[in-house]
Amino acid sequence: MGGSFLVTPALLVLGYPSTVAVGSGLAFVFGTSVIGALRHRDHGQVDYKLAAIMTAAMTAGIELGKSVVFFLEATGMADLVINVSYVGLLALVGLFTLRDAWTDESDDESGASLDLAERVQAIEIPPMVTFRGDVRVSGVIVAAIGLVIGVLSGFLGVGGGFLLMPAMMYGLGIPAAIAVGTDILQITISGAFGAFTYAQSGAVALPVVAFLLVGSALGARIGAGATNLVDEDEIKGYFAAMLLAGSLAVATNKLGNIYGIAALNTVSTVLIFGAAFLVSGAVVLAAVCRLRSNASSTWCRLTTS
C-alpha cells in the first residue's frame with residue numbers, strides 16, 4: 001500500500017492539524033506508491049483494467065471527501081470527526097482481515113470465506129469485466145466501490161489502500177498478490193490528485209513529506225519484493241496488525257488530549273512507531289526465511305505466529 005493509513009494517524013499523534021495531516025498523507029502516498037507500483041509491475045502483479053476503473057471512480061470521490069473535510073473544519077469539528085472515523089475504520093478493517101488470516105483451511109474449503117465475492121460476481125449488471133485471476137465482475141459494481149472508497153480517501157487523507165485492498169480481495173475475489181499490486185498503482189494516481197487538491201489550499205507540509213519519502217524509497221522496494229516470498233495469510237496478518245495499531249494509537253492520543261493524561265500520549269506514540277518497526281522487521285525476516293528455505297528456527301516461527 002501507499003502507507004498513508006499509517007502516516008496520517010502518525011501526524012495526528014504528533015500534533016499536526018487534521019487538514020495538514022490529511023494533505024501531507026496524500027502527498028506522501030503519491031511519492032512512495034510510484035516506487036512500489038514499478039516494482040509490482042515488474043513482478044506481473046498489476047491488473048490495469050481494474051486500476052483504471054477504480055481510479056476514475058475514486059478521483060470523483062476524493063473531491064467530495066475533501067469538501068466534507070473543509071466544511072467540518074469551518075464548523076470546528078474536523079479533528080474530532082476525523083479521529084473518530086480513523087479509529088472506527090482502522091479497527092473494523094483490521095479485525096475483519098485478522099479473522100480471515102486466522103481462518104482454518106477447513107473453513108476455506110467450505111467456501112465461507114469466498115461467499116461475499118461469489119455473491120458480488122453473480123450480479124449481472126452490464127458491462128461485465130474479466131480481471132486477472134479469471135475474476136468476472138460487473139464494471140458498475142467496481143466503479144461504485146471505487147466511488148465510496150474515494151470519498152473516504154479524500155475525507156481521511158489516505159490513498160484508499162487500507163480499504164481498497166480488502167474490497168478487492170473479499171468483495172471482488174481478486175487474488176491477494178494482484179490486489180496488492182493493483183492497489184498501489186491506483187494509489188499512485190488518486191494520491192497525486194488528492195495531494196494536488198490539498199496543496200492548492202496550503203494543507204501540505206512539504207518538509208515532512210520530503211523526509212518521509214527519503215526513508216520510504218528503499219522500504220517500498222524491499223516490501224514489494226517480499227510479496228513474492230511471504231505467504232498470503234502472513235501478508236493479511238501483518239496488514240491487520242498495522243491497522244489495529246493505528247486505531248489504538250489514534251484512540252489513546254485523542255483520550256490523552258481530552259483528559260490531559262500525558263502517559264496516554266506516550267503510549268500512542270509508542271504504538272504507532274513501535275508497530276511500524278516490528279511489522280516491517282517481521283516482513284523482512286519472513287522473506288529472508290523463505291529465501292533460505294528455513295522456517296524451523298525460532299525467529300522464523302515467530303513471523304508466522
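FYI, the numbering just counts along the sequence from 1.
Within a 6.0 Å sphere centred on CZ of Phe196, heavy atoms belonging to other residues, nucleotides or ligands number 12 at most. In the displayed structure, Met128 atom CE is contacted under 6.0 Å by more than 12 heavy atoms of other residues, nucleotides or ligands.
The line from CE of Met54 to CG of Asp47 is 10.5 Å long, rounded to the nearest 0.5 Å. Annotation: the span from Leu98 atom CG to Leu243 atom CG amounts to 10.0 Å, rounded to 0.5 Å. Distance OH/Tyr170 to CE/Met165: 7.5 Å, rounded to 0.5 Å. With rounding to the nearest 0.5 angstrom, the CD1 atom of Ile178 is 12.5 Å from the CG atom of Asp183. From Gln121, atom CD reaches atom CG of Leu116 across 9.5 Å, with rounding to the nearest 0.5 Å.
A donor-acceptor contact shorter than 3.5 Å is absent between the side chain of Ser268 and the backbone of Leu264. Thr182 places no side-chain N or O within 3.5 Å of a backbone atom of Ala179 that could act as its donor or acceptor partner. Under a 3.5 Å cut-off, the side chain of Ser280 and the backbone N or O of Phe277 do form a donor-acceptor pair. A side-chain donor-acceptor contact under 3.5 Å links Thr75 to the backbone of Leu72.
Linking ILVMFWY side-chain heavy atoms closer than 4.5 Å, directly or via other members, places Val151 and Leu164 in two distinct hydrophobic clusters. In the hydrophobic clustering of this structure, Phe70 groups with Met77; members are Ile, Leu, Val, Met, Phe, Trp, Tyr whose side-chain heavy atoms approach within less than 4.5 Å, directly or through other members. Leu213 and Leu185 fall into different hydrophobic clusters, where Ile, Leu, Val, Met, Phe, Trp and Tyr residues are linked whenever their side-chain heavy atoms come under 4.5 Å apart, directly or through other members. The cluster map of Ile, Leu, Val, Met, Phe, Trp and Tyr, joined by side-chain heavy atoms under 4.5 Å apart, puts Val84 and Val81 in the same cluster. When the side chains of ILVMFWY residues are joined at heavy-atom separations under 4.5 Å, either directly or via intervening members, Leu271 and Tyr16 end up in two distinct hydrophobic clusters.
At least one side-chain heavy atom of Leu14 sits less than 4.5 Å from a side-chain heavy atom of Phe273. Residues Val180 and Gln45 form no side-chain contact, since every pair of their non-hydrogen atoms from C-beta on lies 4.5 Å or further apart. Between Leu50 and Leu172, some side-chain heavy-atom pair lies under the 4.5 Å cut-off.
For the pair Ala167 and Ile145, the tightest heavy-atom approach, listed with the atom from each and the gap, is CB-CG2, 4.0 Å. In terms of heavy atoms, Ala195 sits closest to Val204 at O-CG2, 4.0 Å. Closest heavy-atom contact between Ala57 and Gly146: CB-C, 3.8 Å. Residues Phe30 and Ala192 come closest through the heavy atom pair CD1-CB, 3.3 Å. When all heavy atoms are compared, the tightest approach of Thr19 to Val69 is CG2-CG1, 3.9 Å. Between Ala240 and Gly94, the closest heavy-atom pair is CB-O, 3.4 Å.
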Without placing hydrogens or testing angles, list every side-chain donor-acceptor pair under 3.5 Å for residues 129-142, not counting sequence neighbours.
| residue | atom | partner | partner atom | Å |
| --- | --- | --- | --- | --- |
| Arg132 | NH1 | Gly44 | O | 2.5 |
| Arg132 | NH1 | Val46 | O | 3.3 |
| Arg132 | NH2 | Gly44 | O | 3.0 |
| Ser138 | OG | Ile125 | O | 2.6 |
| Ser138 | OG | Val140 | N | 3.3 |

